[in-house]
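Encoded as structure tokens, the structure appears first; notes follow it.
None of the values given here were measured: they were computed from a predicted structure. Every chain is numbered from 1, with letters handed out A, B, ... down the list of sequences.
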Amino acid sequence: MLRKILVTSALPYANGPLHLGHLVEAIQTDIWVRFQRMQGHDCIYVCAEDAHGTPIMIKAQAEGVTPEALIARVAEEHRRDYREFLIGHDQFHTTHSPENQEVTYQLYRAVRAGGHITTRSVRQAYDEQAGMFLPDRYVKGECPRCGTADQYGDSCESCGATYSPADLRNPVSALSGTPPVWRESEHYFFQLGRFEAVLKDWLKTGARQSQVRAKLDEWFEAGLQDWDISRDAPYFGFEIPDAPGKYFYVWFDAPIGYLGAFRALCKQRGLDFDEYWAPGSATEVYHFIGKDISYFHNLFWPAVLHGGGMRMPTAVFVHGFLTINGTKMSKTRGTFITARRYLDLLPPEPLRYYFAGKLDSGIDDMDLSLDDFVARVNSDLVGKLVNIASRCAGFVARGGGRLAATLPDASLYDEFTARRTAIAQLYEAREYSTAIREIMSLADRANQYVDAHKPWALAKDPARSAEVLAVCTQGINLFRVLMSYLAPVLPQMACAAAKFLGDPLSDWNAVAKPLLGTPLGKYEPLATRLDPKTVAQLIETPAAAAIATTQRQAGTDSKAAQAAVATTAATIQDFGKLDLRIARVLAASFVEGSDKLLQLSLDLGGETRTVFSGIRAAYAPDQLVGRYVLMIANLEPRKMRFGVSEGMVLCASGDGPGIFLLSPDAGAEPGMRVS
RNA sequence: GGAAAGGUAGCUCAGCCGGUUAGAGCACGGCACUCAUAAUGCCGGGGUCGAGGGUUCGAUUCCCUCCCUUUCCA
């Protein structure tokens, strides 16, 4: 039965580049879409740029460009990154489009006519200098609970307290630095609570992820609150109809961007919008999202659709986050790997394969371990999979370049093709990791087959050339089945293999019939090994790079590496990786529970850092306050029992006792670079 | 602060409802082979299944406490 399916992945926000976290989702979605198409289903994949909101407006101002120019530029970068990762969107649109405005107004008017909108006055921080209301994240101050400085207006990073900007002590606007004033303004609210029953029914439909369901139950229990969907001018977005000076909150028209993008596609292709979105539609609609936006997609979004007279999604597929080498992505650690950085160094398919090998239908986080990445890709893709074709192709070429007319081991071939139903179910259920395991164990079987029949030995006897061809025909056919199974993950390699095989590999069930008697194209390497050195370059902090260089020079033993630092010549580039700065000690104190450390608060010229330094034996805290010191400003932050140390203060020491702080000559100011 | 998921061989991970000697891939050691991008095949070493309690004839698997990691909180 032919299915009509519409699939989306979450809209990337137009204020920054794509990173590998975005790609987890895009790759998960793209594999699913390509798989559905191989099944012969009509599967459309749309996405769009999430282009509205205060952050975009501010960023554009800061860059001295219009928001339109900013989002156009970023969208182009995003488009290019997706394309190079072989993400096959049918449409990549933008929420700042006439189509999206049209659908947004349509839904809003319907929701309002249904009585689901209410208004209420809201007291909010207002920046008089900037002339605008401030979102929570744009108000900073001291945490009302623990007093930590420089916290956002919604929660404290230090103690985890959540509160509103009005609760902050000594609040200031992040835009102008002036204290905000509090003003009342009328806001529009979507009454989510009116949809509780509808949503609960909707969530019972289809197979939902248990963890997601548990979270939703929690939210239901807490009670569904009205959702503030309006923002005051100035705002970059759509003005609310009949409400001058009021704009739709970016999160209102962002999911509607799925519809806007699809409507634009309908215009291009002459598709029927209502066939997909009218209530009771028989088509399937799926959203792939990260778990951070589950609330929006499982509550607000279906409620808006329902209230707006449209159908709700068939299901929302939630995935976890990406960590790098076991920890979360971090700019200071250099593990914030952008799509562009990856693409500048490596081809896309190894990462697609690696992610596929770890993705399942759960919402657990996934780790990209760089060592594992190299090992996995080189072993599976090159050593096992491609090797099958590579080791057979030569014999076929020498035997006339044409596959034999029959398979010597039809039952082995049937075993391979018989797995296609089970593997298809795994793809369908988004259990890619299990699918990949299955496929790779078949690849092992294929290599075992070739090994057992030793075509290279047979080839020594010219009289047995038919046997050689037969064995290799078997091998090539097993390879073809495997490549077909992997085509959703590795579209480019499948395409190259298709050229070699003279068979399109575009139909999931085509492998039911083996490829016999047909000529083979010239064999060219289908994948190359990853170089660990190149992969290591994905992570690039200046400090990490310097350490990596030292370790490479000194061997793997890190102790040896440390000892070798003094004797190994450093290049000027190595030195340039260290960001040495002048800092002034603002405060110093003993650290309870440590007899070596002092906690220092350092002024870096506009920035304050906390550093733990093992100089207690040599310096008393009050000796240090006001002193100028040298620090490494880009040292990887280190979590200690007492807190996070964000740098290192430089001291001299010798074999004997004594630690001696370094200081600049008079005239140096905090923040100055040392070179 | 509230909550969720995870903690199984050096690494990345499988292990359904509790039950005989806990698995795979990679890495490591040995052997074989040489067609293949030093690829492949065979054999092997290696785990007190985060810690401590409890339930049970029996727990990696259930319950409690603690520790660690990641994440979410409209």
Side-chain angles (χ1 to χ4, degrees), chain A residues 136 143 145-146 154-156 158-163 190 192 209-219 221-228 249 251 290-300 318-329 354 357-358 360 362-398 431 433-434 436-438 440-441 443-460 468 471-472 475 479 523-530 639:
Chain A
D136 293 355
C143 170
R145 189 164 76 186
C146 72
D154 51 357
S155 65
C156 173
S158 176
C159 73
T162 55
Y163 42 78
F190 177 76
L192 181 64
Q209 294 152 289
S210 59
Q211 306 97 318
V212 173
R213 199 191 287 268
K215 191 71 197 170
L216 289 165
D217 285 344
E218 236 179 81
W219 283 327
E221 203 149 314
L224 302 182
Q225 304 297 308
D226 288 352
W227 181 33
D228 185 350
Y249 175 41
W251 258 112
K291 61 187 177 185
D292 53 331
I293 54 177
S294 179
Y295 197 95
F296 290 97
H297 284 79
N298 281 304
L299 298 176
F300 289 141
V318 185
H319 62 79
F321 283 79
L322 180 71
T323 56
I324 309 277
N325 286 338
T327 55
K328 70 169 160 182
M329 287 201 264
Y354 186 73
K358 292 194 142 186
D360 59 30
I363 63 166
D364 290 347
D365 295 341
M366 189 202 340
D367 185 45
L368 166 60
S369 154
L370 296 185
D371 293 341
D372 186 49
F373 173 51
V374 174
R376 190 84 185 260
V377 166
N378 287 349
S379 161
D380 286 6
L381 249 30
V382 182
K384 293 179 182 178
L385 176 71
V386 167
N387 183 50
I388 303 164
S390 174
R391 68 195 307 195
C392 292
F395 292 116
V396 176
R398 268 164 266 151
E431 297 290 351
S433 59
T434 313
I436 296 290
R437 256 203 310 281
E438 288 264 336
M440 275 309 132
S441 84
D444 287 342
R445 302 267 320 265
N447 274 312
Q448 284 158 16
Y449 172 85
V450 177
D451 236 74
H453 292 82
K454 302 188 177 16
W456 59 90
L458 298 172
K460 285 175 185 152
V468 173
V471 168
C472 292
F479 169 74
Y523 178 79
E524 276 158 29
L526 293 165
T528 51
R529 317 180 78 76
L530 296 176
K639 199 172 185 177

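In this structure, Ile324(A) atom CD1 and U71(B) atom P are separated by 12 Å, rounded to whole Å. If you measure from atom CZ of Arg437(A) to atom P of U12(B), you get 16 Å, rounded to the nearest angstrom. Rounded to whole Å, the distance from CG on Asp380(A) to P on U12(B) is 16 Å. Rounded to whole Å, atom P of C16(B) lies 14 Å from atom CG of Asp360(A). The separation between Tyr354(A) atom OH and C11(B) atom P is 13 Å, rounded to whole Å. Rounded to an integer number of Å, the gap from CG of Asn298(A) to C1' of C72(B) is 14 Å. Straight-line distance from the NZ atom of Lys291(A) to the P atom of U71(B): 8 Å, rounded to whole Å. Taking atom CH2 of Trp251(A) as the reference point, atom P of A74(B) lies 12 Å away to the nearest angstrom.
Annotation: G54(B) and G10(B) have their C1' atoms spaced 34 Å apart (nearest Å). Taking atom P in both U48(B) and A3(B), the straight-line distance is 33 Å, to the nearest Å. Using P as the reference atom, A14(B) and U8(B) are 10 Å apart when rounded to the nearest Å. When the C1' atom is compared between A59(B) and G45(B), the two are found 27 Å apart, to the nearest whole Å. Taking atom P in both C26(B) and C42(B), the straight-line distance is 11 Å, to the nearest Å. Taking atom C1' in both G23(B) and G46(B), the straight-line distance is 14 Å, to the nearest Å. Rounded to whole Å, the separation between the P atoms of U65(B) and C13(B) comes to 27 Å. Comparing the C1' positions of G2(B) and U20(B) gives an interatomic distance of 44 Å, to the nearest angstrom.
For the pair Asp372(A)/Lys358(A), a side-chain contact is recorded, criterion being any heavy-atom separation below 4.5 Å from C-beta on. Between Lys215(A) and Val212(A) the shortest side-chain heavy-atom distance does not fall below 4.5 Å. The closest side-chain heavy-atom distance from Tyr295(A) to Trp227(A) is not below 4.5 Å.
Checking Thr323(A) against Asp367(A) by side-chain atom types alone, a donor-acceptor pair falls below 3.5 Å.
Using a 4.0 Å heavy-atom cutoff across all strands shown, Gly223(A) reaches at least one base atom of the nucleic acid.
If Asp365(A) and Ile293(A) are placed on RNA chain B by their nearest nucleotide, the residue sitting closer to the 5' end is Asp365(A).
Between the Asn325(A) side chain and the Leu370(A) main chain, a donor and an acceptor come within less than 3.5 Å of each other. Of the possible donor and acceptor atoms, one in the side chain of Lys454(A) sits under 3.5 Å from a partner among the backbone N and O of Asp451(A). Although no hydrogens or angles enter the test, the distance criterion places a donor-acceptor pair under 3.5 Å between the side chain of Asn378(A) and the main chain of Leu530(A). A donor-acceptor pair is defined here as one N or O able to donate and one able to accept, closer than 3.5 Å; such a pair exists between the side chain of Ser441(A) and the backbone of Glu438(A). Remark: the backbone N or O of Ile363(A) is not paired with any side-chain donor or acceptor of Gln209(A) at under 3.5 angstrom.
Contacts of Tyr449(A) classified as ring pair (Phe, Tyr, Trp, His ring centres under 6.0 Å), with partners at least two apart in sequence or in another chain: His453(A). Legend: residues meeting side-chain hydrogen bond (donor to acceptor under 3.5 Å, both in side chains) with Asn447(A), ordered by chain and number and at least two apart, are Asn387(A), Arg391(A).
Taking only side-chain atoms of Phe321(A), from C-beta outward, the nucleotide of A14(B), U12(B), U71(B) with the closest atom is U71(B).
For residues 368-387 of chain A, the ring-ring contact (aromatic ring centres under 6.0 Å, His included) pairs, not counting sequence neighbours, are Tyr354(A)-Phe373(A).
Near-neighbour residues of RNA chain B inside residues 366-375 of chain A, defined by a heavy atom below 4.0 Å, number-ordered: Asp367(A), Ser369(A), Asp372(A), Ala375(A).
Ring centers of Phe300(A) and Phe190(A): at least 6.0 Å apart, outside the cut-off.
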(Q) Base contacts versus sugar-phosphate-only contacts with protein, heavy atoms under 4.0 Å: please encode nucleotides 33-42 of chain B as B, S and - from 5' to 3'. (A) SSBBB-SBSS
**Q.** Nucleotide-level pairing of RNA chain B, given in dot-bracket where Watson-Crick and G-U pairs need both distances under 3.5 Å and | marks other strands
**A.** (((((((..((((.....[...)))).(((((.......))))).....(((((..]....)))))))))))).
